[in-house]
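The structure under discussion appears below in the form of structure tokens.
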There are 2 protein chains.
Amino acid sequence: MSVIRLVLADDQALVRGALAALLNLEPDLDVVAEVGSGDQVLQACIDHRADVAVLDVEMPGLDGIEATNQIKRTLAGTRVLIVTTFGRPGYLRRALQSGADGFLVKDTPAKQLADAVRRVHGGLRVVDAALVADSIATGESPLTARETDVLRAAVGGDTVAAIAEKLALSEGTVRNHLSAAIGKTGAATRAEAARIATDNGWL
Amino acid sequence: MSVIRLVLADDQALVRGALAALLNLEPDLDVVAEVGSGDQVLQACIDHRADVAVLDVEMPGLDGIEATNQIKRTLAGTRVLIVTTFGRPGYLRRALQSGADGFLVKDTPAKQLADAVRRVHGGLRVVDAALVADSIATGESPLTARETDVLRAAVGGDTVAAIAEKLALSEGTVRNHLSAAIGKTGAATRAEAARIATDNGWL
DNA sequence: GTTTCATAGTGACGCCCGTCACTGTCAGAG
DNA sequence: CTCTGACAGTGACGGGCGTCACTATGAAAC
């Protein structure tokens, strides 16, 4: 049985290097490349003939989910394992829709990471059970595309006028979209709506 | 020369284990304990006679800075190296005031971590240069204690009435404190003020 | 002992915000 | 073709929000 070739992507150099050290302890695993942004992932997988890509979701440039899309379109044989800080239901949903083979949060015990890589490499799905329950309970985003745009523009604490200018809309329209988003999220203010949407991975 | 005994604290089990693997690769370093929350740090340092404690800032219960305080009060000989995700100026300031010997962000190349531990153990200060500049430029928090309380209660997007009830204040007083915080941060709304204060590590 | 400042409160003003009702266009489903 | 739903806009209403002025107390600073 040959070794499993891994590509590692995480924007935090220290965490990336540490994960590499952890995985290289396993005799049957070999980290062949490390990258710090999503747009380098695909090329690294091609150059180093990776068997499994271990990706963080939060990354500059291309995020882990878009990188998964790229890999799955181009390299049918390469498996993808998403490892992320935030166990947001929306992340899991989008990751699986992008074709990810596994999804772990960084709360997972370190000993289980190598096993997860092996399972994914063997063609199995690896997904945190608690997160699946959350994901089902939460459902997908109730927000329409435009409501999402407006709410995303509102997270910084901008005024309605500023949002309207950013998106080239009238203030009234912005208020209507925000009102709809507030209603759908069950919030009382747009700040709360933004927080709820962020926590669920809808933005 | 004997080995340096390390205690590791990070709330994310995967990162914690990975950092342990990275540091244990060094022949002169020995991770003798790993903990997942701040209130276990002091006991672990005592039980395992740690030379250096490597602490994350963001942790449940006691955070890394309060844990540093505990260690420095009780164990004069134990050095503390803070390792954190967010390079917020206020974090650096508070960490050094608590007596921390080093402060690294997780963007640091993995190779430098072991060296940082050795320097700290040798009695040197290890601090990211760019972060020092930020910290000086930003200065310490301009907010009073009460303004900080009120602004912290406002981050979730609550209404003024809700904040007033939480802190047992009149609504008018809450509005006054918020107004002062908005003025001092140069923001236009309380959501923006909350964001600015959070980014600077003032909350 | 006076000054300064943080804290707490009241009351008032004006503007922005959240909501609602209603109009209209356009794309896709039936 | 009709119907639905997303998107965009207008206009109006009421309430909450941000600001200001002013009062008052207690604790540090000089």
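Quick note on labels: first sequence line is chain A, next is B, and so on, each numbered from 1. Hydrogens, waters and symmetry mates are skipped; everything else that's a heavy atom, side chains included, is used. Predicted, not measured: the structure shown is a model, and the values here were computed from it.
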Specify the separation, in whole Å, of atom CG of Leu169(B) and atom P of dT7(C). 11 Å
Apply side-chain contact (heavy atoms from CB on, under 4.5 Å) to Gln12(A) and Thr85(B), showing your working. CA-CA 8 Å; Gln12(A) 296 180 311; Thr85(B) 303; 2.8 Å; yes
How would you summarise protein contacts on nucleotides 18-30 of chain D per nucleotide, using B for base, S for sugar-phosphate only and - for none, with heavy-atom distances below 4.0 Å? BBB----------
Are side-chain heavy atoms of Val83(A) and Asp56(A) found at a separation under 4.5 Å? no
Closest non-hydrogen atom pair, Lys166(B) against Ala153(B): NZ-O, 3.9 Å
Salt-bridge contact Asp199(A)-Arg195(A) (side-chain N to carboxylate O under 4.0 Å): yes
To the nearest Å, give me how far apart CD (Glu171(B)) and P (dT7(C)) are. 20 Å
Using a strict heavy-atom distance below 4.0 Å, which residues from residues 141-159 of chain A are in contact with DNA chain D? Thr144(A), Ala145(A), Arg146(A)
Given 3.5 Å as the limit, does a donor-acceptor pair link the side chain of Thr189(A) with the main chain of Glu192(A), or not? yes
Do the side-chain N or O atoms of His177(A) get closer than 4.0 angstrom to the phosphate oxygens (OP1, OP2) of dC7(D)? no
Enter the distance from Arg93(B):CZ to Ser98(B):OG here, rounded to the nearest 0.5 Å. 12.5 Å
Please state whether the phosphate of dG9(C), meaning OP1 or OP2, lies under 4.0 angstrom from any side-chain nitrogen or oxygen of Thr173(B). yes
Residue from His121(B), Arg125(B), Lys72(B) passing side chain to side chain donor-acceptor pair (under 3.5 Å) with Asp101(B): Lys72(B)
Axial bend angle, the helix from dG1(C)-dC30(D) to dG30(C)-dC1(D): five-pair end segments, nearest 10°: 40°
CG of Leu23(A) to CG of Asp30(A), rounded to nearest 0.5 Å, is 10.5 Å
Can you tell me which residue among Asn24(B), Asp51(B), Leu6(B) is in a side chain to side chain contact (heavy atoms under 4.5 Å, CB included) with Leu29(B)? Leu6(B)
Separation of dG16(D) P from Ile163(B) CD1 (nearest whole Å): 14 Å
Nearest 0.5 Å, please: how far is CG in Leu113(B) from CZ in Arg118(B)? 9.5 Å
Pairwise distance CH2(Trp202(A)) to CD(Glu147(A)) - rounded to 0.5 angstrom: 11.5 Å
